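Have a look at the structure below before the remarks.
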Amino acid sequence: LASERPIDDALWEELEELLIAADLGAALAADFANRAREEVMFGTVTRAAELRPLFRRFLLDALAPAAQPLDLDHRPAVVLMLGVNGSGKTTTCAKLAAQLRAGGKSVLLAAADTFRAAAIEQLQRWGERIGVEVVHQAAGSDPAAVVFDAVKAAAARSLDVLIVDTAGRLHTKSNLMDELAKLRRVIARQLPGAPHEALMVLDATTGQNGFAQARVFHEAIALTGVCLTKLDGTARGGIVVRIVRELTLPIKLIGVGERLEDLQAFDPAAFVDALVP
Amino acid sequence: NLSTRLQTIFDRLGGRGRLTEENVQEALREVRVALLEADVNFKVVRTFVERVLARAVGQDVLKSLTPAQQVVKVVHDELVELLGGSGHRLAPAPHPPTVIMLIGLQGSGKTTTAAKLARHYTTQGQHPILAAADTYRPAAQDQLQTLGAELGVPVVGAPGEAPLAICRRAREEAAARGLTPLILDTAGRLHIDEPMLEELRAIRREVAPHHVLLVVDAMTGQDAVNVAERFNRAVGIDAVVLTKLDGDARGGAALSVRSVTGRPIAFVGTGEKTDALEPFHPDRLASRILG
Ligand SMILES: Nc1nc2c(ncn2[C@@H]2O[C@H](COP(=O)(O)OP(=O)(O)OP(=O)(O)O)[C@@H](O)[C@H]2O)c(=O)[nH]1
Ligand SMILES: Nc1nc2c(ncn2[C@@H]2O[C@H](COP(=O)(O)OP(=O)(O)OP(=O)(O)O)[C@@H](O)[C@H]2O)c(=O)[nH]1
Ligand SMILES: [Mg+2]
Ligand SMILES: [Mg+2]
């Protein structure tokens, strides 16, 4: 016991920095540290060795409610994939399509990024690889037209799932946000209740801006959840803690690599263990 | 914003003509929060705040500024100095072609930046050539071919050709046709992926790039320090391109990358189109980071 570490300022600083390093943000890190200090003050925690498990418990309490499955209990279930440039939307569409198909579902993909160079080709290549049809039109055509066609086809053929890939867009660009809102309306008009999932794809390397992204996308089109990608790197994606706490958004999926199998359900316990090892 | 928060502190501490250790320390707590909110890595923030403390304490408050404004000025000036000069003049190689190689994490903006650079040099009257050496991502070569065609810039790289062979062939083509610079687009990869880092080293050995540019997304958080440090150690970086600055990310990752590698930021990406590339302005980024 003599060799035990004291609960001192150095330890608090270290723990807070652990949370900051994971991109929770200074305010949230301070908040958790203050709650932990209270526990020490009240005597519910007396040893330094109890602090990391305490932080893990706080984080798990915050994140456990966010683990929710995709709502695909519709025919067709429509999943709209959106987010800022380069976050992993197209790859996630392919991964999801592949996994659902492997699970016996009939899947259709829609290439509604008609803007970026070779965006349609990228999704088509994936479609060929996984044996899923990709509804598309010529580059430069109206994304709403592609979405309209895709929903029509999915409904007409009584398919299980339609996954709509959209162009990357910065949430600061109001015209692009309007376009996204329009895509959502097009889907809803054709299929009441759709899209059943509107997922913001968020790169785990993103810092505090991730919260602004979630807030603005959510205001624009009512998100049903977040997919956190690139967790196979060294970034911990802690910004989702703030997103869950302040926006009450579920985290439905995580991307852990570039292969088709690298898509998993959000596991709060595993996530928290990685945040506070 | 930071200025207002600092003003509140100094109002409360009682304005005097001199910045003391006490009032600067309190102000620096706010500065620390502002920098962390801006995604500057916490270790970089710690070093930075120490430097500002040393520089600010004992300073006579300039007649024209309040103490709060004085601290902001010291912080701003220190940031500008650390972010360094505008390094966008990538020096041409003594013997052409000048070879520029783009590396970085997945989705950071390399392919788009490669095209932007090609356009930049074309508008300067040069004749660049592009190498599409990403053979992994579906339609990555198509992406660069499409952009190259729009710009009238040749793109080397056929499906089924290995990245190393593409780069080698592009270099030969550049030399044979008198084209320069040669801009190499590589596949996105993790800074912890040893085999993929080895691929970059192999390309580097083969074509000896004069400028290896690390492409970094401006919204990158605390991890920027790990990414930059690892890429620099594994491959070596000459300069940095900071992309997606047309968003509202504060861009603190830039300070982290600069601190840990010592390399200059050469360009910034400010949009999706190929004309959206600008030289780096440290004073603008400093103001943005401070919010
Ligand atoms: N390591 C890793 N890479 C990923 C993951 N998800 C996507 N990527 C990679 O990230 C890069 C960008 O992926 P895309 O799917 O093209 O991203 P996007 O959001 O569709 O991009 P835009 O359409 O241009 O906005 C690609 O190189 C992908 O292979 C992941 O979970 N882990
Ligand atoms: N708004 C904005 N978007 C950008 C900028 N630079 C790149 N993009 C977009 O970011 C996304 C990713 O760009 P890419 O050039 O495909 O990125 P990459 O690094 O080559 O991706 P990988 O090859 O998969 O690693 C695309 O949607 C680009 O249009 C920029 O400065 N501003
Ligand atoms: Mg895409
Ligand atoms: Mg690329």
Side-chain angles (χ1 to χ4, degrees), chain A residues 16-27 29-30 84-91 94 115-129 139 167-173 176 203-210 212-213 216 229-230 232-239 257-258, chain B residues 32-43 45-46 105-109 111-112 115 136-150 187-193 216-227 230 243-244 246-253 271-272 274:
Chain A
E16 222 173 297
E17 285 179 342
L18 189 66
L19 298 182
I20 290 172
D23 286 313
L24 262 78
V84 302
N85 307 72
S87 60
K89 299 175 292 299
T90 303
T91 310
F115 168 73
R116 204 210 68 209
I120 299 168
E121 286 85 330
Q122 185 185 3
L123 193 63
Q124 284 179 312
R125 296 276 164 80
W126 275 121
E128 287 160 17
R129 204 180 291 191
R169 69 202 67 222
L170 294 182
H171 54 291
T172 46
K173 313 216 164 162
L176 298 182
D203 186 329
T205 67
T206 309
Q208 297 308 297
N209 195 250
Q213 292 175 27
V216 174
T229 59
K230 309 181 198 176
D232 46 317
T234 52
R236 298 276 62 92
I239 193 64
E258 302 190 72
Chain B
R32 175 176 172 272
V33 168
L35 293 177
L36 290 173
E37 282 174 2
D39 292 323
V40 181
N41 182 273
F42 74 96
K43 295 192 200 118
V45 171
R46 199 186 301 141
L105 293 179
Q106 292 90 346
S108 56
T111 304
T112 310
Y136 304 89
R137 171 172 151 158
Q141 289 174 325
D142 297 58
Q143 185 183 4
L144 197 59
Q145 302 276 3
T146 301
L147 294 170
E150 278 170 24
R189 68 205 65 213
L190 293 178
H191 51 301
I192 51 172
D193 187 337
V216 177
D217 193 324
M219 63 185 84
T220 310
Q222 296 287 306
D223 207 44
V225 131
N226 297 331
V227 175
R230 294 266 198 152
T243 61
K244 307 178 204 172
D246 44 320
D248 59 0
R250 298 263 289 276
E272 294 197 67
T274 51

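Here the structure is a predicted model, which means the values were calculated and not measured. Excluded from the calculations below are hydrogen atoms, water molecules and symmetry mates; all remaining heavy atoms, backbone and side chain alike, are included. Just so it is clear: chains get the letters A, B, ... in the order the sequence lines come, proteins before strands, and each one is counted from 1.
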Seminar exercise, completed: One option among B:E37, B:R230, B:Q106, B:K244 has the most heavy-atom pairs under 4.5 Å with chain A, and it is B:Q106
Exercise. Passes side chain to side chain donor-acceptor pair (under 3.5 Å), A:T172 versus B:D248? Steps please.
Worked result: CA-CA 7 Å; A:T172 46; B:D248 59 0; 5.5 Å; no
Problem set entry | Which of B:T146, B:L144, B:L190, B:V225 touches chain A most, by non-hydrogen pairs under 4.5 Å | B:L190
Problem set entry | Portion of A:R236 that has a non-hydrogen atom of chain B nearer than 4.5 angstrom | neither
Exercise. Taking all non-hydrogen atoms of both residues, which atom of B:F42 and which atom of B:Q222 are closest, and how far apart?
Worked result: N-OE1, 2.9 Å
Problem set entry | B:D39 versus chain A, the contacting section by heavy-atom distance below 4.5 Å | side chain
Problem set entry | Shortest non-hydrogen separation from B:M219 to B:A249 and the atoms involved | CA-CB, 3.7 Å
Exercise. Which atom names give the shortest non-hydrogen contact between B:G247 and A:L170, and what distance separates them?
Worked result: N-CD1, 3.4 Å
Problem set entry | For B:D142, side chain to side chain contact (heavy atoms under 4.5 Å, CB included) partners two or more places apart | A:A118, A:E121, A:R125, B:A139
For this session: Mind ranking A:Q124, A:R129, A:Q208, A:K230 by heavy-atom pairs under 4.5 Å with chain B and telling me who comes out on top?
Result: A:Q208
Problem set entry | Closest heavy-atom pair and its distance - B:T274, B:A115 | CG2-CB, 3.8 Å
Problem set entry | Toward chain B, the part of A:Q213 with a non-hydrogen atom under 4.5 Å | side chain
Seminar exercise, completed: Listed by number, the residues in residues 16-23 of chain A that come under 4.5 Å of chain B (heavy atom to heavy atom) are A:E17, A:I20, A:A21, A:D23
Exercise. Quick one: what part of B:R46 sits under 4.5 Å from any heavy atom of chain A, side chain, backbone, both or neither?
Worked result: side chain
For this session: Would you check, one step at a time, whether the test side-chain contact (heavy atoms from CB on, under 4.5 Å) holds for B:V227 with B:L105?
Result: CA-CA 8 Å; B:V227 175; B:L105 293 179; 3.8 Å; yes
For this session: Quick one: which of A:D203, A:T229, A:D232 has the most heavy-atom pairs under 4.5 Å with chain B, could you say?
Result: A:D232
For this session: Would you mind telling me which of B:L147, B:V33, B:I192, B:D246 has the largest number of heavy-atom pairs within less than 4.5 Å of chain A?
Result: B:D246
Problem set entry | Test item: A:T91 side-chain N/O and A:G88 main-chain N/O as donor-acceptor pair under 3.5 Å | no
Exercise. With chain B, which of A:I239, A:T206, A:T234, A:T205 has the greatest number of heavy-atom pairs at distances under 4.5 Å?
Worked result: A:T234
Exercise. Out of curiosity, A:N85 CG to A:L176 CG, how far, rounded to the nearest 0.5 Å?
Worked result: 8.5 Å
Exercise. Which atoms form the tightest heavy-atom contact between A:A204 and A:A235, and what is the distance?
Worked result: O-CB, 3.3 Å
Seminar exercise, completed: Counting heavy-atom pairs under 4.5 Å with chain A, the top scorer among B:Q145, B:H191, B:R137, B:Q141 is B:R137
Seminar exercise, completed: Note: A:G168 and B:E272 closest approach over all heavy atoms is O-OE2, 3.7 Å
